[in-house]
Amino acid sequence: MTVRSIRGMNDILPHAVQAWRQLETQFRDICELHGYGEVRLPVVEKTELFHRTIGDTTDIVEKEMYSFVDKGGDALTLRPEGTAATARAFLEHNAGAEEPVTKWFYMGSMYRRERPARGRYRQFHQIGAECFGDPSPYADAELMALACAYLKSLGLHQLEVRINSLGSSSARTAYLSVLKEYFQAHRGSLSEDSLRRLESNPMRILDSKSPEDQALLAQAPRLSQYLSEEDTDHFKTVQSCMDSLGLAYVIDPHLVRGLDYYSRTLFEVHDCTDALGAQSAVCGGGRYDGLIPLLGGKPTPAVGFAMGLERLLALMPDSPSARTPTVFVVSRSPSARREALQISSNLRALGFSVDGDYRGTSVKSQMRRASKSGATWVVFATDGDQNVIEIKNMEQGEQHTVATEQLPQVISGQRPPNSSTE
RNA sequence: GUGGGUGUAGCUCAGGUGGUUAGAGCGUCUGGUUGUGGCCCAGAAGGUCGGGGGUUCAAGUCUCCUCACUCACCCCA
């Protein structure tokens, strides 16, 4: 048996990389338009970082992390997400002391030992943006605007932005106990999954898909009733900002997060087509004013989001591979291959993209490859006179003999080929 | 993690009730007259039928296990 790649960890071949690059460069551009700077952080962190930020009871930490002990005895983990490390770096470099507001973005591979499915892999790629130091609702709105601008720039339109507010941690604690009480009182009619969630993560019951739970959910106490006046004002301002920016959204009272450090604004962007199946969320984010203190920093407001590139990719129309040379060098005979190599090298030094075929196959075969490559010019290499050279325009089918020294100008279109042999 | 579906050439797929050298299209390669592409034509290469056990005179076809992919759930972005 030949060695195969790890389950859930995929190769990305040249024809696909084109689309990946588009996703990445587009994100860089949009982030920089919004005043965000790129950070590049390690793929491996101390396991403790994720225990402290994500929490010990979540599925991610409990059973999905790639954790190991290295030869020095340190407990390390392949990062399962990007926010924890970004916050760690923010604190480690004391970035908050240099500037009042720190706006960073990142892109990279993340690792989670989940069961692979469409749009979900064990090595997957996320892009994300985090803003530290600004508690205002305007920061939330700007961040969502960034996310929307990015998705729009990719040509994705069938999307829905869902927002909700979790309120401050005190409001949420109060709500949580009421909610727990409510579900306890009706535990007989809860689905099996939700019964489990009642112990591990009661808020999660709110976004249960089980039909058995729906009736109960409709009557469940609303988080919005437990928000403080400041929380409510904050959320209202977020909404009015979205309105004035012309960004459509729906308020989803059942939108929740399992993690404790989230506060106030929460948002997700979902795909409305069925292209992703059950994995319809393409972007998730929100405010996490409680995160930095978990890492030992002083209270620092923060908002951020992350998107999975595999899911975005699944929504993108197929783009043609763009590895198209402008010149294809054809060797008239096997002995002309040395000259073909020389011509290619000279043209490449001038910045032309050049391909060729040195296998010594027939001219016909080389021409077929030249045609398939999409090159606009074929240059014929021969053993003979090196002062002139024959070239063929593959779009018009015209063949010309030009002085070798004029070749660069002709193929770049700066000088018309003067003589024609066909 | 739970439950379903699928797994045959590089790719997309055919291969009723088990029976001789496993097929097609696309792609690749070589040709179709003396050195030149895209269309067309011909030929060739390429498969231990995901892997391993079992039943059988005989298994791509039945059975068990295993691996991979995929869908739903779970979880998440």
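Here is how names work: the chains are called A, B, and so on, in the same order as the sequence lines, proteins then strands, and each is numbered from 1.
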> Just one of A/Glu130, A/Glu38, A/Glu142, A/Glu32 clears the salt bridge (charged side-chain N to carboxylate O under 4.0 Å, His left out) bar with A/Lys103, so which one?
Replying inline: A/Glu142
> Could you state the CD1-C1' distance from A/Ile6 to B/C67, rounded to the nearest angstrom?
Replying inline: 13 Å
>> Only pairs with both distances under 3.5 Å count, Watson-Crick or wobble alike; so what is the partner of B/C57 in this structure?
In response: B/G19
>> Any strand counts, and the cut-off is 3.5 Å on both contacts for Watson-Crick or G-U wobble. Which nucleotide pairs with B/U48?
In response: none
>> If I pick the C1' atom on B/U17 and the same atom on B/G10, what distance separates them, to the nearest angstrom?
In response: 34 Å
> Do the side chains of A/Leu312 and A/Leu154 get nearer than 4.5 Å, heavy atoms only?
Replying inline: yes
> If we take the P atom in both B/A22 and B/A9, what is their distance in whole Å?
Replying inline: 14 Å
> Given the P atoms of B/A14 and B/C76, what is the spacing between them in whole Å?
Replying inline: 38 Å
>> Counting only Watson-Crick pairs (N1-N3 plus N6-O4 or O6-N4) and G-U wobbles (N1-O2, O6-N3), all under 3.5 Å, who is the partner of B/G43?
In response: B/C29
> So what does A/Phe305 hit on the nucleic acid, given a heavy-atom distance under 4.0 Å: a base, only sugar-phosphate, or nothing?
Replying inline: nothing
> Any side-chain donor-acceptor pair under 3.5 Å between A/Arg172 and A/Ser169?
Replying inline: no
>> How many whole angstroms separate atom CZ of A/Arg197 from atom P of B/C73?
In response: 11 Å
>> Say we look at B/A42 and B/U33: how far apart would their P atoms be, to the nearest angstrom?
In response: 15 Å
> Does the separation of the ring centres of A/Tyr226 and A/Tyr175 fall below 6.0 angstrom?
Replying inline: yes
> Is it true that the side chains of A/Gln399 and A/Glu390 contain a donor and an acceptor less than 3.5 Å apart?
Replying inline: yes
> Which one is paired to B/A9, where only Watson-Crick or G-U wobble pairs with both distances under 3.5 angstrom count?
Replying inline: none
>> So if I take residues 143-151 of chain A and measure heavy-atom distances to RNA chain B, which residues fall below 4.0 Å?
In response: none
>> On a heavy-atom basis, which atom in A/Ile391 and which in A/Trp377 lie closest, and how many Å separate them?
In response: CD1-CZ3, 3.5 Å
> In the structure shown, which nucleotide is the Watson-Crick or G-U wobble counterpart of B/U2, with both distances under 3.5 Å?
Replying inline: B/A72
> Using the C1' atom in both, what is the distance from B/C11 to B/G52, to the nearest Å?
Replying inline: 27 Å
>> Quick one, A/His125 with A/Leu23, criterion side chain to side chain contact (heavy atoms under 4.5 Å, CB included). Give me CA distance, side-chain angles, the key distance, then yes/no.
In response: CA-CA 11 Å; A/His125 298 78; A/Leu23 288 177; over 6 Å; no
> When only distance counts, do a donor and an acceptor, one from the side chain of A/Arg311 and one from the base of B/C76, lie under 3.5 Å apart?
Replying inline: yes
Can you list, pair by pair, the side-chain donor-acceptor contacts under 3.5 Å of residues 157-164 of chain A, counting residues two or more places apart and other chains?
{"residue": "A/Glu160", "atom": "OE1", "partner": "A/Arg162", "partner atom": "NE", "Å": "2.9"}
{"residue": "A/Arg162", "atom": "NH1", "partner": "A/His270", "partner atom": "NE2", "Å": "3.4"}
{"residue": "A/Asn164", "atom": "ND2", "partner": "A/Asp252", "partner atom": "O", "Å": "3.4"}
{"residue": "A/Asn164", "atom": "ND2", "partner": "A/Pro253", "partner atom": "O", "Å": "3.3"}
{"residue": "A/Asn164", "atom": "ND2", "partner": "A/Leu255", "partner atom": "O", "Å": "2.8"}

>> Roughly how many Å apart are B/G18 and B/C62, using the C1' atom of each and rounding to a whole number?
In response: 8 Å
> Taking the C1' atom of each, how far is B/G4 from B/U8, in whole Å?
Replying inline: 23 Å
> Is the shortest heavy-atom distance from the side chain of A/Val402 to the side chain of A/Ile389 under 4.5 Å?
Replying inline: yes
> Of the candidate nucleotides B/U36, B/C75, B/U70, which contains the atom at the shortest distance from the side chain of A/Arg115?
Replying inline: B/U70
Review item, nucleotides 25-34 of chain B N/O atoms under 3.5 Å of protein N/O:
{"residue": "B/U28", "atom": "OP1", "partner": "A/Lys372", "partner atom": "NZ", "Å": "2.7"}
{"residue": "B/U28", "atom": "OP2", "partner": "A/Lys372", "partner atom": "NZ", "Å": "2.7"}
{"residue": "B/U30", "atom": "OP1", "partner": "A/Ser365", "partner atom": "OG", "Å": "3.3"}
{"residue": "B/U30", "atom": "OP2", "partner": "A/Ser365", "partner atom": "OG", "Å": "2.5"}
{"residue": "B/G31", "atom": "OP2", "partner": "A/Ser362", "partner atom": "OG", "Å": "3.1"}
{"residue": "B/G31", "atom": "O6", "partner": "A/Arg368", "partner atom": "NH2", "Å": "3.0"}
{"residue": "B/G32", "atom": "N7", "partner": "A/Lys364", "partner atom": "NZ", "Å": "2.6"}
{"residue": "B/G32", "atom": "O6", "partner": "A/Lys364", "partner atom": "NZ", "Å": "3.4"}
{"residue": "B/G32", "atom": "O6", "partner": "A/Arg368", "partner atom": "NH2", "Å": "3.1"}

>> For the C1' atoms, the ones on B/A45 and on B/G31, what distance do you get once it is rounded to whole angstrom?
In response: 14 Å
> Does any nucleotide pair with B/G37 by Watson-Crick or G-U wobble geometry, both distances under 3.5 Å, and what is it?
Replying inline: none
> Between A/Asp140 and A/Arg287, is there a salt bridge with N-O shorter than 4.0 Å?
Replying inline: yes
> Hey, are the side chains of A/Thr77 and A/Glu45 touching, using non-hydrogen atoms and a 4.5 Å cut-off?
Replying inline: no
> With a non-hydrogen cut-off below 4.0 angstrom, is A/Gly374 in contact with a base, only sugar-phosphate, or nothing?
Replying inline: nothing
> B/C69, B/U36, B/C73: which one has an atom nearest the side-chain heavy atoms of A/Arg7?
Replying inline: B/C69
> Considering heavy-atom distances to RNA chain B, does A/Ala306 or A/Thr382 have its closest nucleotide positioned more toward the 5' end?
Replying inline: A/Thr382
> Where each residue is assigned the nucleotide of RNA chain B containing its nearest heavy atom, which of A/Val378 and A/Gly308 is assigned the position nearer the 5′ end?
Replying inline: A/Val378
> If you look at every strand shown and take non-hydrogen atoms under 4.0 Å, does A/Gly284 touch a base, only sugar-phosphate, or nothing?
Replying inline: sugar-phosphate
